[in-house]
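The next block holds one structure in the form of C-alpha coordinates; read it before the comments.
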Amino acid sequence: MIVAPLGSGSAGNSTWFASDGTSILVDAGFGPRETKRRLEIVGGDIERLSGIVVTHEHYDHIRGAEKIARKYGLPIYLTKGTLAASGIDTDETKVVVFENDSTFTIGELAVHARRTIHDANDSACFVIEARDGTRVGLASDLGWVDAGVLQHLSNCDGLFFEANHDVDMLRMGTYPWSLKRRIMSRFGHLSNDDALRAVQRMIGAETKTLCLIHLSEKNNHESIVRDMANRVLARTGAQLELGIAKQFEPTGVFKISRRSPRASVVPRGVQMALF
Ligand SMILES: [Zn+2]
Ligand SMILES: [Zn+2]
(Lines give C-alpha, C1' and ligand atoms only; values in the text may rest on other atoms or scores of the structure.)
(Ligands and ions follow the chains in the order given, each with its own letter.)
Protein backbone atom coordinates (compact mmCIF):
# COMPACT_ATOMS: atom_id res chain seq x y z
CA MET A 1 0.00 0.00 0.00
CA ILE A 2 1.14 3.52 -0.76
CA VAL A 3 0.45 6.13 1.90
CA ALA A 4 1.36 9.78 1.41
CA PRO A 5 0.42 12.57 3.82
CA LEU A 6 -0.21 15.54 1.50
CA GLY A 7 -0.22 17.97 4.40
CA SER A 8 -0.92 17.72 8.11
CA GLY A 9 -1.77 20.26 10.81
CA SER A 10 -4.34 22.90 11.64
CA ALA A 11 -3.90 24.57 8.23
CA GLY A 12 -5.15 21.46 6.40
CA ASN A 13 -5.05 17.67 6.49
CA SER A 14 -5.20 15.11 3.71
CA THR A 15 -3.58 11.71 3.26
CA TRP A 16 -3.50 9.65 0.08
CA PHE A 17 -3.89 5.84 0.25
CA ALA A 18 -3.52 3.61 -2.83
CA SER A 19 -3.42 -0.13 -3.33
CA ASP A 20 -4.45 -2.61 -6.05
CA GLY A 21 -5.74 0.17 -8.30
CA THR A 22 -7.93 1.81 -5.64
CA SER A 23 -7.00 5.31 -4.57
CA ILE A 24 -8.64 7.34 -1.78
CA LEU A 25 -8.07 10.39 0.36
CA VAL A 26 -8.55 10.40 4.10
CA ASP A 27 -9.64 13.98 4.82
CA ALA A 28 -9.60 16.79 2.29
CA GLY A 29 -8.39 19.92 4.04
CA PHE A 30 -7.05 21.51 0.84
CA GLY A 31 -8.95 22.82 -2.15
CA PRO A 32 -9.13 20.93 -5.49
CA ARG A 33 -6.20 22.71 -7.12
CA GLU A 34 -3.85 22.35 -4.15
CA THR A 35 -4.89 18.71 -3.60
CA LYS A 36 -4.24 17.96 -7.29
CA ARG A 37 -0.84 19.65 -7.11
CA ARG A 38 0.23 17.81 -3.97
CA LEU A 39 -1.04 14.47 -5.28
CA GLU A 40 1.03 14.90 -8.42
CA ILE A 41 4.16 15.51 -6.33
CA VAL A 42 3.76 12.06 -4.75
CA GLY A 43 2.78 10.33 -8.00
CA GLY A 44 -1.00 10.37 -7.53
CA ASP A 45 -3.73 11.49 -9.90
CA ILE A 46 -6.81 13.27 -8.58
CA GLU A 47 -8.84 11.96 -11.54
CA ARG A 48 -8.28 8.40 -10.36
CA LEU A 49 -9.57 8.82 -6.80
CA SER A 50 -12.46 6.58 -5.76
CA GLY A 51 -13.61 8.52 -2.72
CA ILE A 52 -12.86 10.79 0.22
CA VAL A 53 -13.12 9.40 3.75
CA VAL A 54 -13.56 12.01 6.45
CA THR A 55 -12.46 11.80 10.10
CA HIS A 56 -14.60 14.71 11.34
CA GLU A 57 -16.19 17.99 10.36
CA HIS A 58 -13.50 20.47 11.43
CA TYR A 59 -12.52 22.87 8.68
CA ASP A 60 -8.90 21.71 8.48
CA HIS A 61 -10.19 18.22 7.52
CA ILE A 62 -13.11 18.91 5.18
CA ARG A 63 -12.48 22.31 3.63
CA GLY A 64 -11.93 20.86 0.13
CA ALA A 65 -14.11 17.76 0.38
CA GLU A 66 -17.30 19.03 -1.21
CA LYS A 67 -15.58 20.87 -4.06
CA ILE A 68 -13.31 17.93 -4.90
CA ALA A 69 -16.21 15.47 -4.66
CA ARG A 70 -18.38 17.50 -7.04
CA LYS A 71 -15.63 18.31 -9.49
CA TYR A 72 -14.45 14.72 -9.81
CA GLY A 73 -17.74 12.89 -9.16
CA LEU A 74 -16.55 11.22 -5.95
CA PRO A 75 -18.52 10.09 -2.92
CA ILE A 76 -17.64 11.44 0.54
CA TYR A 77 -17.70 8.76 3.26
CA LEU A 78 -18.58 10.08 6.71
CA THR A 79 -20.61 9.38 9.83
CA LYS A 80 -24.14 10.67 10.25
CA GLY A 81 -23.00 13.09 12.96
CA THR A 82 -20.17 14.42 10.80
CA LEU A 83 -22.57 14.88 7.88
CA ALA A 84 -25.04 16.78 10.06
CA ALA A 85 -22.31 19.12 11.31
CA SER A 86 -20.53 19.50 7.97
CA GLY A 87 -23.09 21.54 6.08
CA ILE A 88 -22.53 19.39 2.98
CA ASP A 89 -25.38 19.71 0.48
CA THR A 90 -26.45 16.12 -0.20
CA ASP A 91 -28.56 17.17 -3.19
CA GLU A 92 -25.40 18.22 -4.96
CA THR A 93 -22.79 15.91 -3.42
CA LYS A 94 -22.77 12.14 -3.23
CA VAL A 95 -22.24 10.98 0.34
CA VAL A 96 -22.03 7.53 1.89
CA VAL A 97 -22.80 7.34 5.59
CA PHE A 98 -20.89 4.78 7.64
CA GLU A 99 -21.25 3.94 11.30
CA ASN A 100 -18.36 4.00 13.68
CA ASP A 101 -17.16 0.57 14.82
CA SER A 102 -18.03 -0.89 11.43
CA THR A 103 -16.18 -1.83 8.24
CA PHE A 104 -16.95 -0.66 4.71
CA THR A 105 -15.16 -1.09 1.42
CA ILE A 106 -14.06 1.25 -1.34
CA GLY A 107 -12.90 -0.78 -4.33
CA GLU A 108 -10.07 -3.00 -3.11
CA LEU A 109 -9.64 -1.21 0.22
CA ALA A 110 -11.47 -2.11 3.41
CA VAL A 111 -11.94 0.71 5.89
CA HIS A 112 -12.39 -0.13 9.57
CA ALA A 113 -13.80 2.87 11.44
CA ARG A 114 -13.52 3.48 15.16
CA ARG A 115 -15.04 6.29 17.23
CA THR A 116 -12.60 8.82 18.67
CA ILE A 117 -12.94 11.36 21.49
CA HIS A 118 -12.69 14.94 20.22
CA ASP A 119 -14.80 18.09 20.25
CA ALA A 120 -16.58 17.00 17.08
CA ASN A 121 -19.96 15.43 16.39
CA ASP A 122 -19.09 11.78 15.67
CA SER A 123 -15.39 11.65 14.84
CA ALA A 124 -13.54 8.56 13.61
CA CYS A 125 -10.12 7.03 13.16
CA PHE A 126 -9.41 4.32 10.62
CA VAL A 127 -7.51 1.20 9.77
CA ILE A 128 -7.25 0.90 5.99
CA GLU A 129 -6.69 -2.68 4.87
CA ALA A 130 -5.37 -3.79 1.49
CA ARG A 131 -6.24 -6.99 -0.32
CA ASP A 132 -3.03 -8.71 0.90
CA GLY A 133 -3.93 -7.90 4.51
CA THR A 134 -1.61 -4.89 4.92
CA ARG A 135 -3.15 -2.67 7.61
CA VAL A 136 -2.43 1.01 8.06
CA GLY A 137 -3.93 3.00 10.94
CA LEU A 138 -4.58 6.74 10.92
CA ALA A 139 -5.80 8.74 13.90
CA SER A 140 -5.64 12.45 14.42
CA ASP A 141 -7.49 15.02 16.52
CA LEU A 142 -7.84 12.94 19.65
CA GLY A 143 -8.36 14.42 23.06
CA TRP A 144 -7.88 11.10 24.68
CA VAL A 145 -6.81 7.60 23.58
CA ASP A 146 -9.39 5.18 24.94
CA ALA A 147 -8.98 1.42 25.12
CA GLY A 148 -11.04 0.96 21.95
CA VAL A 149 -8.73 3.14 19.88
CA LEU A 150 -5.64 1.48 21.36
CA GLN A 151 -7.00 -1.92 20.45
CA HIS A 152 -8.18 -0.79 17.01
CA LEU A 153 -4.79 0.58 15.96
CA SER A 154 -2.57 -1.99 17.60
CA ASN A 155 0.05 -3.82 15.57
CA CYS A 156 -0.75 -2.16 12.24
CA ASP A 157 1.89 -2.40 9.50
CA GLY A 158 1.92 1.38 9.37
CA LEU A 159 0.70 3.86 11.98
CA PHE A 160 -0.06 7.55 11.32
CA PHE A 161 -0.81 9.10 14.69
CA GLU A 162 -1.30 12.58 16.10
CA ALA A 163 1.44 14.22 18.20
CA ASN A 164 -0.02 17.71 18.48
CA HIS A 165 1.85 19.73 21.06
CA ASP A 166 4.63 19.98 23.56
CA VAL A 167 2.89 20.68 26.87
CA ASP A 168 5.46 23.27 28.03
CA MET A 169 5.39 25.13 24.70
CA LEU A 170 1.60 25.23 24.84
CA ARG A 171 1.53 26.42 28.47
CA MET A 172 4.12 29.15 27.89
CA GLY A 173 2.80 30.13 24.44
CA THR A 174 0.64 33.02 23.31
CA TYR A 175 -2.69 31.18 22.90
CA PRO A 176 -5.53 32.51 25.08
CA TRP A 177 -6.11 30.40 28.17
CA SER A 178 -9.52 29.19 26.93
CA LEU A 179 -7.91 27.76 23.78
CA LYS A 180 -5.05 26.22 25.77
CA ARG A 181 -7.61 24.56 28.02
CA ARG A 182 -9.58 23.25 25.03
CA ILE A 183 -6.44 21.78 23.39
CA MET A 184 -5.34 20.11 26.64
CA SER A 185 -8.80 18.73 27.47
CA ARG A 186 -10.03 15.23 26.82
CA PHE A 187 -11.82 16.59 23.75
CA GLY A 188 -8.85 18.46 22.31
CA HIS A 189 -5.55 17.21 20.93
CA LEU A 190 -2.85 14.80 22.06
CA SER A 191 0.36 16.06 23.59
CA ASN A 192 3.62 14.48 22.46
CA ASP A 193 3.83 12.64 25.79
CA ASP A 194 0.33 11.18 25.55
CA ALA A 195 0.81 10.32 21.87
CA LEU A 196 4.06 8.46 22.39
CA ARG A 197 2.76 6.64 25.45
CA ALA A 198 -0.06 5.34 23.23
CA VAL A 199 2.28 4.62 20.31
CA GLN A 200 4.46 2.53 22.58
CA ARG A 201 1.45 0.34 23.34
CA MET A 202 0.21 0.15 19.75
CA ILE A 203 3.35 -0.74 17.84
CA GLY A 204 3.80 -4.47 17.47
CA ALA A 205 5.78 -7.10 15.63
CA GLU A 206 4.13 -6.17 12.31
CA THR A 207 4.68 -2.41 12.63
CA LYS A 208 7.28 -1.13 10.16
CA THR A 209 6.32 2.50 9.70
CA LEU A 210 5.42 5.18 12.22
CA CYS A 211 4.54 8.69 11.13
CA LEU A 212 3.54 11.38 13.62
CA ILE A 213 0.98 13.82 12.27
CA HIS A 214 -0.98 17.03 13.01
CA LEU A 215 1.93 18.79 14.76
CA SER A 216 1.00 22.22 16.06
CA GLU A 217 2.91 24.93 14.22
CA LYS A 218 3.10 27.18 17.28
CA ASN A 219 3.39 24.64 20.08
CA ASN A 220 5.56 21.89 18.70
CA HIS A 221 8.63 21.27 16.65
CA GLU A 222 9.66 18.44 14.35
CA SER A 223 12.97 17.97 16.18
CA ILE A 224 11.26 17.61 19.59
CA VAL A 225 8.86 14.97 18.26
CA ARG A 226 11.61 13.14 16.42
CA ASP A 227 13.84 12.98 19.52
CA MET A 228 10.99 11.78 21.72
CA ALA A 229 9.91 9.15 19.18
CA ASN A 230 13.49 7.90 18.77
CA ARG A 231 13.80 7.54 22.55
CA VAL A 232 10.57 5.52 22.70
CA LEU A 233 11.60 3.33 19.77
CA ALA A 234 15.03 2.72 21.33
CA ARG A 235 13.38 1.70 24.59
CA THR A 236 11.06 -0.75 22.87
CA GLY A 237 13.78 -2.04 20.55
CA ALA A 238 11.49 -1.51 17.55
CA GLN A 239 13.27 -0.86 14.24
CA LEU A 240 10.86 1.37 12.39
CA GLU A 241 10.83 3.83 9.55
CA LEU A 242 9.98 7.13 11.29
CA GLY A 243 8.26 10.06 9.59
CA ILE A 244 7.12 13.44 10.88
CA ALA A 245 4.33 14.88 8.74
CA LYS A 246 4.75 18.34 7.24
CA GLN A 247 2.09 21.02 6.87
CA PHE A 248 3.03 22.88 3.73
CA GLU A 249 4.24 20.08 1.46
CA PRO A 250 3.78 16.32 1.13
CA THR A 251 5.86 14.40 3.66
CA GLY A 252 6.88 11.72 1.17
CA VAL A 253 5.68 8.35 -0.02
CA PHE A 254 5.54 5.44 2.40
CA LYS A 255 5.39 2.00 0.79
CA ILE A 256 3.97 -0.35 3.38
CA SER A 257 3.40 -4.08 3.08
CA ARG A 258 3.16 -7.15 5.26
CA ARG A 259 6.25 -9.22 5.92
CA SER A 260 4.23 -12.32 5.13
CA PRO A 261 1.18 -11.47 3.00
CA ARG A 262 -2.08 -12.97 4.14
CA ALA A 263 -5.43 -12.82 2.44
CA SER A 264 -7.77 -10.26 3.90
CA VAL A 265 -10.89 -11.72 5.48
CA VAL A 266 -13.02 -8.77 4.47
CA PRO A 267 -15.36 -9.43 1.53
CA ARG A 268 -14.88 -6.73 -1.10
CA GLY A 269 -17.55 -4.92 -3.07
CA VAL A 270 -20.08 -4.62 -0.24
CA GLN A 271 -22.35 -1.86 -1.48
CA MET A 272 -23.51 0.77 0.96
CA ALA A 273 -26.55 2.93 0.71
CA LEU A 274 -26.01 6.19 -1.10
CA PHE A 275 -27.75 9.23 0.33
ZN1 LIG B 1 -7.44 19.00 12.88
ZN1 LIG C 1 -10.49 18.54 14.94
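Remember, it's 1-based here, ligands and their atoms both numbered in the order they're listed.
- The pair Arg38-Glu40 does not count as a salt bridge, with every side-chain nitrogen at least 4.0 angstrom from each carboxylate oxygen.
- In this structure, the side chains of Arg171 and Lys180 stay at 4.5 Å or more apart for every pair of heavy atoms.
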Exercise for the section: Take Asp157 and Lys208 through the salt bridge (Lys or Arg N to Asp or Glu O under 4.0 Å) test and state the conclusion after the steps. Expected result: CA-CA 6 Å; Asp157 298 276; Lys208 292 158 285 280; 2.8 Å; yes
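- Checked against the 6.0 Å centroid criterion, the rings of Phe126 and Tyr77 do not qualify as a close aromatic pair.
- The Zn ion (ligand 2) lies at 2.8 Å or more from every N, O or S atom belonging to His61.
- Between NE2 of His118 and NE2 of His56, the angle at the Zn ion (ligand 2) works out to 100°, rounded to 10 degrees.
- His214 contributes NE2 and Asp141 contributes OD2; the angle these two atoms make at the Zn ion (ligand 1) is 110°, rounded to 10°.
- Contact annotation: Asp60 places no N, O or S atom under 2.8 Å from the Zn ion (ligand 2).
- The Zn ion (ligand 2) has no N, O or S atom of His189 inside 2.8 Å of it.
- Looking only at its N/O/S atoms, His58 has ND1 as the one nearest to the Zn ion (ligand 2).
- A donor-acceptor pair under 3.5 Å is absent between the side-chain atoms of Asp27 and the main chain of Gly29, judged by distance alone.
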